There are 2 protein chains.
Amino acid sequence: MNAGRTARERARAELTREITEVARRQLGTEGAGGLNLRAIARELGMVSSAIYRYFPSRDDLLTALIIDAYNAVGEAVERADAAREPDDHAGRWRAVCHAVRDWALAHPHEYALIYGSPVPGYHAPADTVAPAMRDTVVYGRILASAHAAGALTPPDGFPAPPASFSGDAEAVRQVMPGLPDDLVARAIAAWTGLFGFVSFELFGQFANVVDDRAALFAHTVDTLGRLVGLPAAATG
Amino acid sequence: MNAGRTARERARAELTREITEVARRQLGTEGAGGLNLRAIARELGMVSSAIYRYFPSRDDLLTALIIDAYNAVGEAVERADAAREPDDHAGRWRAVCHAVRDWALAHPHEYALIYGSPVPGYHAPADTVAPAMRDTVVYGRILASAHAAGALTPPDGFPAPPASFSGDAEAVRQVMPGLPDDLVARAIAAWTGLFGFVSFELFGQFANVVDDRAALFAHTVDTLGRLVGLPAAATG
DNA sequence: ACCGAACCGAGAGCACTGCTCTTGACACTC
DNA sequence: GAGTGTCAAGAGCAGTGCTCTCGGTTCGGT
């Protein structure tokens, strides 16, 4: 997309990219909130006010980083999913979950930026919602395809969702078409459970409690997958 | 604990309390990171440097607030648990989960402070670990007592945790004695799932997706409770 | 080829932050 | 009552996000 246009525009695009790059590195060492326009400018050998030619405010820079982060985790998830055989639904689920955790462990501050507490005073603009959905879409696709293939055999003995849930279930079915209400509810529980685990691990809630987090995570993923009806013991 | 001592010491304790109180209110409107020593001083009619007589740094004030928040949620959970009949394990589980969510919804910024992304540059001192355990201890006590009463009938068809998990399970059994490894693993999944749900709800991940969050939460709590073996349909 | 307009970086400056240091007044202890 | 430790106040430092103005460069239309 960078091909044509004037020299000025190419320089602008290049500098914009450099700014976000330095900002992302600064985010990696300092965390959000420690994001420092003047330090970015210093590292780029320019003056702080020049940054404002490219980002009208600190929040706009943050928004760019948030979108990047959503896209990064979304891409990681998509790649992990694509690497599996399409009808290996349990394998895809497992791969996707581990992709989320691996990405989070590799980019803790970016994970915190999108799945941690919202930055004070910052309110996400509409541009973020599409990238924010990428991983969820993949997740829904896996379950929908598993359900369509008749590969979901959810364990019973679990309560049914209340009738009032059917409206929300219908909305969620946009990303996982065909699933009945009770499986939609379980899918949400599994999805939030996944991120709950990763957040606990990343934010230090497991300190001095769980040591072999990788093993427990793998087992938790299997348990949550089983909850939505994926087959229990596959090869991996 | 405030009874004796000199007037000076009482004044000091009083002012310390007032500072944390104003800080907590400021936290509620601005969120952490927006916590502003000068504004606190202004509201108290004193000069900013005077604050440093009571808290050596902004981080120490934050630590006090974190401890307060852990204690607040811990107390809410303890109260919810105590209000139920001791052998109504499903009811206690449900009450505890709803207490967590209710408290979080009532104090979103304080929840974010302790269960959201860690504050940049801040590292929790040891004083925080005991208050941080209060809710977990209650949770473990419920499951342990349910297990001891033979009230846990976990659904089967779920995978067993790997043998390597037994070490961690032994450690976790300090707060839920008697539970077998597989139930310890499921208990952690349920606990992280609970906070994953609350975090998703509070941090905006459910926006435009789930509408009737209270209903879905109640059902998720029942589902997670069933996962660890609590009876499915009780009166509530 | 030129010329006005748009864009650019530099720099000064504003209001604000956390934090430090010094000063003079007060309260408590002996 | 003298001496000592504690206190709030104030000035000040280094740093922040952001605004505005200033010359220089580049672009697009004529």
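So you know, we letter chains A, B, ... as the sequences are listed, proteins then strands, and number each from 1. This structure is a prediction, so every number in the text was calculated from the model and none was measured.
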- request: May I ask you to test the B:Val73-B:Ile114 pair for a side-chain heavy-atom distance under 4.5 Å?
  value: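 A side-chain contact exists here, since the closest heavy-atom pair is under 4.5 Å.
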
Return a table of donor-acceptor pairs under 3.5 angstrom between the side chains of residues 35-55 of chain B and protein atoms on other chains or two or more places apart.
| residue | atom | partner | partner atom | Å |
| --- | --- | --- | --- | --- |
| B:Asn36 | OD1 | B:Arg38 | N | 3.0 |
| B:Asn36 | OD1 | B:Ala39 | N | 3.1 |
| B:Glu43 | OE2 | B:Arg25 | NH2 | 2.2 |

Could you tell me the separation between the [atom1] atom of [X] and the [atom2] atom of [N], rounded to a whole number of Å?
| X | N | atom1 | atom2 | result |
| --- | --- | --- | --- | --- |
| A:Phe55 | C:dG9 | CZ | P | 13 Å |
| A:Glu30 | D:dT16 | CD | C1' | 14 Å |
| A:Ile19 | D:dG17 | CD1 | P | 13 Å |
| A:Arg58 | C:dT17 | CZ | C1' | 13 Å |
| B:Asp59 | C:dC19 | CG | P | 7 Å |
| A:Tyr52 | C:dA10 | OH | P | 15 Å |
| B:Arg10 | C:dA27 | CZ | P | 14 Å |

- request: Taking ring-ring contact (aromatic ring centres under 6.0 Å, His included) as the test, write out the residues that go with B:Trp191, two or more places apart.
  value: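 Listed in chain order: B:Tyr139, B:Phe195.
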
- request: With heavy atoms under 4.0 Å as the rule, sort A:Leu44 into base, sugar-phosphate or nothing.
  value: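 No contact.
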
message: What's B:Ala11 touching, base or sugar-phosphate or nothing? Going by heavy atoms closer than 4.0 Å.
response: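 Result for B:Ala11 = nothing.
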
- request: Using a 4.0 Å heavy-atom cut-off, write out nucleotides 6-13 of chain D from 5' to 3' as B (base contacted by protein), S (sugar-phosphate only) or - (no contact).
  value: SBBBB-B-

- request: Indicate whether OP1 or OP2 belonging to D:dG15 is found under 4.0 Å from a side-chain N or O atom of A:Asn36.
  value: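 The answer is no; no side-chain N or O of A:Asn36 sits under 4.0 Å from OP1 or OP2.
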
field: Within the 6.0 Å centroid threshold, strictly below: B:Phe197 and B:Phe217
entry: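 Yes.
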
message: Ignoring hydrogens and geometry beyond distance, is a side-chain donor-acceptor pair present between A:Asp60 and A:Ser57 at under 3.5 Å?
response: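 Yes, A:Ser57 and A:Asp60 have a side-chain donor paired with an acceptor closer than 3.5 Å.
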
Short side-chain donor-acceptor distance under 3.5 Å, A:Ser199 and B:Tyr115: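 No, because no side-chain N or O of B:Tyr115 sits under 3.5 Å from a partner of the opposite role on A:Ser199.
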
